[in-house]
Each structure stands twice: as structure tokens, then as C-alpha cells.
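Data block below; observations after.
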Amino acid sequence: MMFIQLLIAILLGIFAGIITGLIPGIHINLISIILLSTSPILLNFTHPITLAVFIIAMAITHTFLDFIPSIFLGVPEADTALSILPGHRMLLEGKAFEAVKLTTIGSLLSVIFSILFIPLLIIIVPFLYNAIGKYIGWILLFVVLFMVLKERSWNKKFWAGFVVLTSGILGYIVLNTPIIKEPLFPLLSGLFGISMLINSIFEKSVLPKQRITEEIEINKKDLTKSISAGIFSGGLTSFFPGLGAAQASIIGSLLVGNLGICCFLILLGAINTVNMLLSLVTLYTLNKARNGAVLAILKIIESINLSELMIILIGTIIAAGIATHLAMNIVRVFSKIIEKVNYQILCIVIIVLIVTLVFIFSGSIGLFVLFISTMLGLIPIYIGIGKNHSMGCLLIPVIIYFI
Amino acid sequence: MLKLALICTITGIFFLYLISENVKLEEKQIFEAKQMQEGKVRIKGFVENVEQKEGLTIITVSKKESIEVIVFENIDFEIGTQVDVTGEIEEYSGKKEIIAEEII
């Protein structure tokens, strides 16, 4: 009976993950909060671990699918924002299927390898947490400086510094102004989404026929590097409060150096999923929740023992397997639909959609934030520097928090 | 276009800063604050009790219901004073409390 309940929880979780992954603005935290508030009633019919399995199946499926709207539509979340530029570049080359396939490869391989490393992590997490916890702010500051100084000319270094600082100031104000609801949505949509769509409209970009690539050749050494860096930096986010997939993507991409678009997308896929998966290890070892979904699990089951962790991990593997197939099938459908539409009109429709969603979720002040962040998001495009500097909006507030 | 983007960004951030400095969070009743899982909250009430500990002050604020407000410094409050508290809602030992950021 328990087995059937768990299986149903996994399937329902996957279904919820499809909704949160594909529809911009609906986050897993929202479903987790709804589940948490209805848990006193639900627990009359089922066991707390069943609800925990539902949440993790939803969260893992979400991390497999949330790249699809960011690559096809340019609508970001904190976890996927950095995938927009390379992902969109591939969309304009007719390789959107490949782009999603790469992030899915990253997600799936990272699930397999991080589960293999979990016994080791259970031992080293408490040690690591105490050893580098004090220095995490300085590590991030170093990462930011490195990111800026990596730009080639002094002119570009100056502008990179300007973008990091300005987006940092904007991020700090936005995240600390309590009247802005869902502050990340307008902030990231402007910096990464609308700015890029506006540029596509001005450049009169045209979408070519999307090709479905069944086999992608990736150098095994580069693949190993991407997955290892993904597990390491994604792991960091699970241990330290305030660090998210966005910061981990910057750390990870600096760790592996320039591996090209393919491996970068694999790295992002890996970080996004590892971030969710390893936060379960932190829950088990430190009894601390590092994201909304795990916080909901902690509230429902209060503490987690080894056998419960095993059940959740098995749920994770099943969800990951199914989510891989789902992602590949959904992206096939998306690829066929998108080549039939007029790209200029699509860009305008998406901008209108984002503006409407921002107004619904964050109100008129959200629209003001969206306007400022869009203007700021255009600067790296015009100067010709990396869009990752706009991640200062999340890095600088975290550095201030730690230092 | 670059100049326009720059001007809009800098003036926009300046105005957003002014807005953020001058807006107040909507006031919540204490029972509503206690129902929140996390996030920022603003409540009003009267000081019912003040407890000084090393490096922090625990103020019990009440208005129909009561909630503990934690201030990470030692400050004096007169019992019965009306206070307007803005802070982060947190759970400690199964009880909701507010980590104060501003008390007027």
C-alpha cells in the first residue's frame, strides 16, 4: 500500500513539475507552500514521507524542464538565467533541441554521479560547512573580481565592473524593498530576458528550421570536467545559505574555463539539478533547509533519517528518468511549433506576456524594476561583454550578507 | 541607444532607492504575522515585557495576541510604550518571533 502511495506521489510530483517547469512565473515554492498549508488534512490520508517524495519529484522534474522556456522564450529564473544567451544563440542557429538536450544530459548525469557521491558527502558536509563557511563571502568576491578582470581590454573591464556594480546595487535595493513581491521575476526578466528579446527585434533575427539532433558528440574529458564542476559548485549552493544556482553557475564556469557552449549548457543543467538533490544531504546532515521545496519537506517531516533519505533518493532517480524522456519529447514538440511562427511577433508576444505576468505578480513597482533592469540588461549587449556580469544582481547582495 | 540605456538605468535606480527608503510595509495583525512561514512583516502593539540577555533584548509586543521581538543589542523599553516593528518573521523552538530591523 505504501509503495503504491509513493508511486502515485512520484507521478503527481512529476505532473506538478511539468507545470512549474514550463509555465513562467509558477515556481515550485508556490506549490510547496500550498502543499504545506494543506498538509494537516492530507496527513489524515497519507504518510509525511509520501508528501516529501511528491515535493522532491516535482522539484527534480522542474530542474529538467525549466530550461525549455528560458531557451525557447527567453524567460528566466535565477537557476536558468545564464542559459538564456547560449541557449538563445543555439535557437537562432536552429539548435534549440540540442541546447535542451545538453542541459538534460547535465541534469541526468549529475543525478547519477551525485547519488554515487552521497555517502562521501554525508561525511564531509559538516566538516566543509565549518571549514569554509566563514570565507564564502570572500570567495564570491574573488569570483566577481576574476569575472571582471577576465574581459580582454581595459575598456571592457571597466564596463564589466560597471555592470556588476550597478546590477548589484539594483539587486540589493530590489531584494530589500519589502513592497516588491516576487522581486526576482522582474529583475531577472529584464536583465536577461526582455533585453535580449528587444535586441533580437532590433537585429531582425529570423528563426531557421530547428533540427532534431539524435547524437551529439562531446569530448569525454570536457564532459567529465563539466559534470564534476557542476556537482562541486552545485553542492556549494546546497550547503550555504544565500548561494543559489546562479552564483554556482558563475563559480562552475570559472572552474572549468572556456569549454564552449555545449559543455557550458551541460554544466548549467548539472548545477540546477545538483543544487536541489544535494540540499537533501544538507537536510540530513545539518537538518537545515536551503530552498523552499526542502523547507516544506523539513516542516512536514521535521527531521529526516537514513531510511527516509533513501526513499526520497529512490523517488529522485525515478523522477529523473521520467523527466529526461519528458524533456526530450516536449522539446521536440516545441521545436516543431516554434519554426512555424514569426519570430519578431513571437518576441513581442513574449515581452507582452512577461510584462503582464510581472504586473500580476509584482504590481506597478515590479514594472518599474522591469524597466530599469531591461535598460541595464541592454548595456552588456551594446558593449559586447558577457551577460554573466549582470549576475552581480544576485552576487553582490550575497557578498554583502556574508561579509 | 547605449546612452539612453545608461541614463534610464542610473536615474531609475536613483528613483527606486528613493521609493524603497520612503515606503512602509503594510501593517499586519499579530495573529496574521504568526501564520506567516517567513518573510518581512510590520506589526504595531504595546510593550508587555522586556528581557535583557547578553547582546540581545527580547521584547514581548502585544495587541490582542502577543509575539516576541528580538533586537540584537541591549536597549531599554518602557512597559506600555506603543511600538511599530518591522522585521523578519522566524521560528525558534516551535514559536514564531520577529527579528527586528526597525522599531519606532
Side-chain angles (χ1 to χ4, degrees), chain A residues 29 32-34 36-37 39 159 162-163 165-183 186-187 190-191 195 198-199 202-203 289 291-292 295-296 298-299 302 363-384 390 393, chain B residues 1-44 67 69-70 72 83-104:
Chain A
N29 289 356
S32 302
I33 289 168
I34 294 171
L36 189 61
S37 52
S39 62
W159 281 108
F162 175 82
V163 171
L165 267 179
T166 321
S167 48
I169 294 168
L170 178 63
Y172 187 80
I173 296 173
V174 168
L175 295 172
N176 287 289
T177 303
I179 55 160
I180 306 175
K181 289 181 185 133
E182 301 292 336
L187 183 66
L191 285 172
S195 53
I198 287 177
N199 191 51
F202 278 114
E203 285 192 341
N291 54 52
L295 182 68
L298 181 64
K299 298 260 180 194
E302 287 171 2
S364 46
I365 186 132
L367 289 180
F368 186 46
V369 173
L370 183 69
F371 171 73
I372 304 168
S373 54
T374 302
M375 290 296 127
L376 182 52
L378 286 169
I379 296 173
I381 300 174
Y382 292 142
I383 302 289
S390 304
C393 70
Chain B
M1 277 301 272
L2 176 65
K3 274 186 191 162
L4 180 69
L6 266 173
I7 292 166
C8 289
T9 303
I10 293 167
T11 48
I13 290 177
F14 175 70
F15 280 110
L16 192 67
Y17 171 74
L18 288 183
I19 294 170
S20 71
E21 283 295 294
N22 291 299
V23 290
K24 281 225 168 269
L25 203 60
E26 196 187 330
E27 185 196 335
K28 281 203 162 38
Q29 297 297 321
I30 294 176
F31 79 90
E32 289 177 305
K34 282 177 159 179
Q35 283 169 355
M36 288 171 63
Q37 296 298 329
E38 55 183 22
K40 268 201 179 165
V41 68
R42 179 174 161 229
I43 56 142
K44 278 184 187 170
I67 192 165
V69 174
I70 314 296
F72 285 103
V83 282
D84 183 337
V85 182
T86 304
E88 200 78 29
I89 194 101
E90 276 190 15
E91 196 171 308
Y92 182 71
S93 302
K95 272 169 59 184
K96 290 279 162 59
E97 60 184 27
I98 297 172
I99 309 296
E101 283 168 16
E102 189 184 6
I103 300 184
I104 305 167

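If you're wondering where the values come from, they're calculated on a predicted model, not measured in any experiment. Excluded from the calculations below are hydrogen atoms, water molecules and symmetry mates; all remaining heavy atoms, backbone and side chain alike, are included.
With sequence neighbours excluded, no residue satisfies side-chain hydrogen bond (donor to acceptor under 3.5 Å, both in side chains) with A/S32. Applying the side-chain hydrogen bond (donor to acceptor under 3.5 Å, both in side chains) rule to B/D84 yields the partners B/R42; only residues at least two apart in sequence or on another chain are considered.
If you tally non-hydrogen atom pairs under 4.5 Å between each of A/L170, A/I379, A/L36, A/L378 and chain B, the highest count goes to A/I379.
Residue A/I169 holds its CD1 atom at 6.0 Å from CD1 of B/I13, rounded to the nearest 0.5 Å. Distance check: B/Y17 OH to A/N176 CG gives 12.0 Å after rounding to the nearest 0.5 Å. Rounded to the nearest 0.5 Å, atoms CD1 (A/I372) and CG (B/L16) are 4.5 Å apart.
Neither the backbone nor the side chain of B/E21 comes within less than 4.5 Å of any heavy atom in chain A. Looking at A/I365, the atoms closer than 4.5 Å to chain B (heavy atoms on both sides) all sit in the side chain, from C-beta outward.
Heavy-atom neighbours of A/F162 CZ from other residues, nucleotides or ligands within 6.0 Å: above the threshold of 12.
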Could you give the side-chain donor-acceptor pairs of residues 95-104 of chain B under 3.5 Å, partners two or more places apart or in another chain?
{"from": "B/K96", "atom 1": "NZ", "to": "B/K34", "atom 2": "O", "distance (Å)": "3.2"}
{"from": "B/K96", "atom 1": "NZ", "to": "B/M36", "atom 2": "O", "distance (Å)": "3.1"}
{"from": "B/E101", "atom 1": "OE1", "to": "B/K40", "atom 2": "NZ", "distance (Å)": "3.0"}

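When the heavy atoms of residues 2-11 of chain B are compared with those of chain A, the residues falling under 4.5 Å are B/L2, B/A5, B/L6, B/C8, B/T9, B/I10, listed by number.
Between B/S20 and A/I173, the shortest heavy-atom distance links the atoms OG-CG2, 3.7 Å.
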